[in-house]
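Accompanying notes for the structure given below.
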Amino acid sequence: MNAFVHEPARRTPVLAEADVVERYGFLGGMGTAAGVTNFCGLFANVHGEIRRVVHGIADELLDRMQRLGGLKVPHDIFGKTRAQAYDMPAFKLAADELLLESGAQLLFHALGAGVCMDGERTIDALIVETKSGRGAVRGKIFIDASGDGDLAHWAGARWEKGDDNGHLLYPTLMFRVNGVDPARADAEAINTLMAQAVEEGSHRFPRKGAIVRPQKNPAEWRANVTQIRNSVGLAMDGTDAMQFSAGEIEGRRQIGEYFRFLRDRVPGFEASYILDIAPQVGIRETRRVVGRYMLTAEDVLGCASFTDTIGVNGWPLEQHVAGDVNWTWPAIPQSRGFNQLPLQMLLSADIDNLLVAGRCASMTSAAQSAARVSGGCFVMGQAAGTCAALALDEHITPAELDVAKLQSRLERDGAWLGRED
Ligand SMILES: Cc1cc2nc3c(=O)[nH]c(=O)nc-3n(C[C@H](O)[C@H](O)[C@H](O)COP(=O)(O)OP(=O)(O)OC[C@H]3O[C@@H](n4cnc5c(N)ncnc54)[C@H](O)[C@@H]3O)c2cc1C
């Protein structure tokens, strides 16, 4: 069988002047599409005191979600920091409002599928596939916030995948149950009950370190428990179409099994039922684009400072390895508990009009396990968007922008850059 077909050359119409292109019909990324329903990285342990360290756009989004009644009071994480559960519809509504009120043009149901270049270092247009057919979205500056570095990859930018052994963080298909008796359910007891079940030989689990916790409605709990392997037993790669497809089936199989454990063995879950399975397997790590600086684990654990800081990461290394989750924290209470994030990690080393924000920004695999969570992604997203807007105003590339201008604009817009107050 011939392994290739030849598509005829085609003229592609310019479809839209969109600012944001999204493959689904709603915003929020893994926070909605993967059912994450919990913000991490908003807080840091600053010399023993737990403080909110991510502001700016994050404040605007969370304020809107609060007004919709969609936020739970922040909860404790190992006595070291806090996270905040939320309801997905509130995220979707608040994100729509926030972007539309800013004047941004949104194009939903548009899958980025390729790129047109203007020379080797400049992107001319993103090619998208839509229900109206294939089209181009032209721009002067592009931000790859695809999580997978899709645009950077098509444009020919360098990227890395996995740790020194090529191992990715394991993905998880999230689900939520309802009908839990909150008076009897105990989040802290679940891992002990799992260990007992394994010892007795009655159950096997894809991983230890299950995170099963209540949402704002105390009868509704989210379960972050599955771990999706590929056919050779390594972490499923979310940029491999066949693995991604098989992973959905495996994720739902694991959910079925885990749910039976919850109902049969965990007090308070006897009358529970599956309320929701996330629309897709949640992907923690795929391509990390090589930028002008690569954030390292030493930066995270050593609470590094950068002159071109655009905000901070206060989350520890959270590595979803085979069968377990490994946590590594900056020293508590000796350290300030957060590292600054430099603008250089958002600037592609290879493409002049490309910024990269979020989990596919320039970080080593270990550093990415920290700054990939929502807090760091809010920081990077706000900085990348602001940098692009300022550079456009001055008709320059993002790297040519005076970083002090960017920093004062971010601070004016409420961001906290981790500099002395
Ligand atoms: C199972 C799981 C649990 C997690 N738990 C937590 C948690 O409790 N707290 C926390 O803060 N973080 C958590 N995280 C991490 C966090 O949710 C993600 O790392 C974060 O959402 C990454 O944000 P991002 O914007 O970089 O990428 P993503 O969230 O992946 O967003 C990328 C967006 O781009 C769109 N997109 C991608 N490719 C294309 C394309 N080709 N064309 C068009 N659109 C495209 C996607 O649809 C999506 O909307 C978890 C992650 C996973 C997977």
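All residue numbers refer to positions in the sequence shown, counting from 1. Both counts, for ligands and for their atoms, begin at 1 and track the order of listing.
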- [ ] May I ask you to identify the nearest protein heavy atom to atom 53 (C) of ligand 1, giving residue, atom name and distance to one decimal place in Å?
- [x] Gly282 C, 3.1 Å
Task: Per-atom contacts, ligand 1 versus Asn224 - under 4.0 Å to a heavy atom - done: 3 (C)
- [ ] Specify the protein heavy atom at minimum distance from atom 36 (N) of ligand 1: its residue, its atom name, and the distance to 0.1 Å.
- [x] Arg23 NE, 3.6 Å
Task: Min heavy-atom dist Asp150 to ligand 1 below 4.0 Å - done: yes
TODO: State whether a side-chain donor-acceptor pair under 3.5 Å links Gln215 with Arg176.
DONE: no
Open item on the list: Tell me whether Pro171 reaches ligand 1 (any heavy atom closer than 4.0 angstrom to a ligand atom).
Closed with: no
Open item on the list: If the cut-off is 4.0 Å to any non-hydrogen atom of Ser374, which atoms of ligand 1 fall inside it?
Closed with: 10 (C), 11 (O), 12 (N)
Open item on the list: With respect to Asn38, determine whether any N or O atom, backbone or side chain, lies less than 3.5 Å from an N or O atom of ligand 1.
Closed with: yes
Task: Cys40 contact mode with ligand 1 (heavy-atom cut-off under 4.0 Å) - done: both
Open item on the list: Can you name the atoms of ligand 1, numbered from 1 with element, that are less than 4.0 Å from a heavy atom of Tyr24?
Closed with: 47 (O)
TODO: Answer yes if the ring centres of Trp315 and Phe338 are under 6.0 angstrom apart, and no otherwise.
DONE: no
- [ ] Say whether Gly112, considering both its backbone and side-chain N or O atoms, lies within less than 3.5 Å of an N or O atom on ligand 1.
- [x] yes
TODO: Please determine, by modelled atom types, if Glu49 and His47 share a side-chain donor-acceptor pair under 3.5 angstrom.
DONE: no
Task: Within reach of ligand 1, part of Ala110 (heavy-atom separation under 4.0 Å) - done: backbone
Open item on the list: Is it true that Asp324 and Tyr170 share a donor-acceptor pair across their side chains at a distance under 3.5 Å?
Closed with: no
Open item on the list: Evaluate Trp154 for polar contact with ligand 1, using N/O atom pairs at a separation under 3.5 Å.
Closed with: no
Open item on the list: Please check: side-chain N/O of Asp124 versus main-chain N/O of Cys116, any donor-acceptor pairing under 3.5 Å?
Closed with: no
Open item on the list: Can you name the atoms of ligand 1, numbered from 1 with element, that are less than 4.0 Å from a heavy atom of Leu111?
Closed with: 40 (C), 41 (N), 42 (N)
- [ ] Of all the heavy-atom pairs spanning Ala136 and Thr12, show the shortest one and how long it is.
- [x] N-CG2, 3.9 Å
Open item on the list: Test of understanding: given a 4.0 Å heavy-atom threshold, classify the contact between Val373 and ligand 1 as side chain, backbone, both, or neither.
Closed with: both
Open item on the list: Does only the side chain of Val128 get under 4.0 Å from ligand 1, or the backbone, or both, or neither? Count heavy atoms.
Closed with: neither
Task: Winner among Met30, Gln368, Arg284 once heavy atoms are compared against atom 3 (C) of ligand 1 - done: Arg284
TODO: Answer yes or no for Arg263 and Phe269: cation-pi contact, defined as NZ/CZ to six-membered ring centre under 6.0 Å and angle to ring axis within 45°.
DONE: no
- [ ] Between Ala145 and ligand 1, find which residue part has any heavy-atom pair under 4.0 Å and reply side chain, backbone, both or neither.
- [x] backbone
- [ ] Starting from atom 31 (O) of ligand 1, find the nearest protein heavy-atom neighbour and note its residue, name and distance.
- [x] Gly29 CA, 3.5 Å
Open item on the list: If you count every heavy atom of other residues, nucleotides or ligands that lies below 6.0 Å from Arg265 atom CZ, does the total exceed 12?
Closed with: yes
Would you mind writing out the side-chain donor-acceptor pairs for residues 374-387 within the sub-3.5 Å range, not counting sequence neighbours?
residue	atom	partner	partner atom	Å
Gln382	OE1	Ile57	N	2.8
Thr386	OG1	Gln382	O	2.7

TODO: Could you label the plane-to-plane angle of the Tyr24 and Phe26 rings as parallel, tilted or perpendicular, counting under 30° as parallel and over 60° as perpendicular?
DONE: parallel
TODO: Might you work through the side-chain hydrogen bond (donor to acceptor under 3.5 Å, both in side chains) test for Glu285 and Ser369, ending with a clear yes or no?
DONE: CA-CA 8 Å; Glu285 179 191 7; Ser369 77; over 6 Å; no
- [ ] Select one of side chain, backbone, both or neither to describe which atoms of Thr172 lie under 4.0 Å from any atom of ligand 1, heavy atoms only.
- [x] both
TODO: Note the single closest protein heavy atom to atom 4 (C) of ligand 1, along with its residue, its atom name and the distance in Å.
DONE: Val36 CG2, 3.5 Å
TODO: Nearest heavy atom to atom 18 (C) of ligand 1 wins, so pick from His153, Gln227, Arg372.
DONE: Arg372
Task: Partner set under salt bridge (Lys or Arg N to Asp or Glu O under 4.0 Å) for Asp148, not counting sequence neighbours - done: Arg359
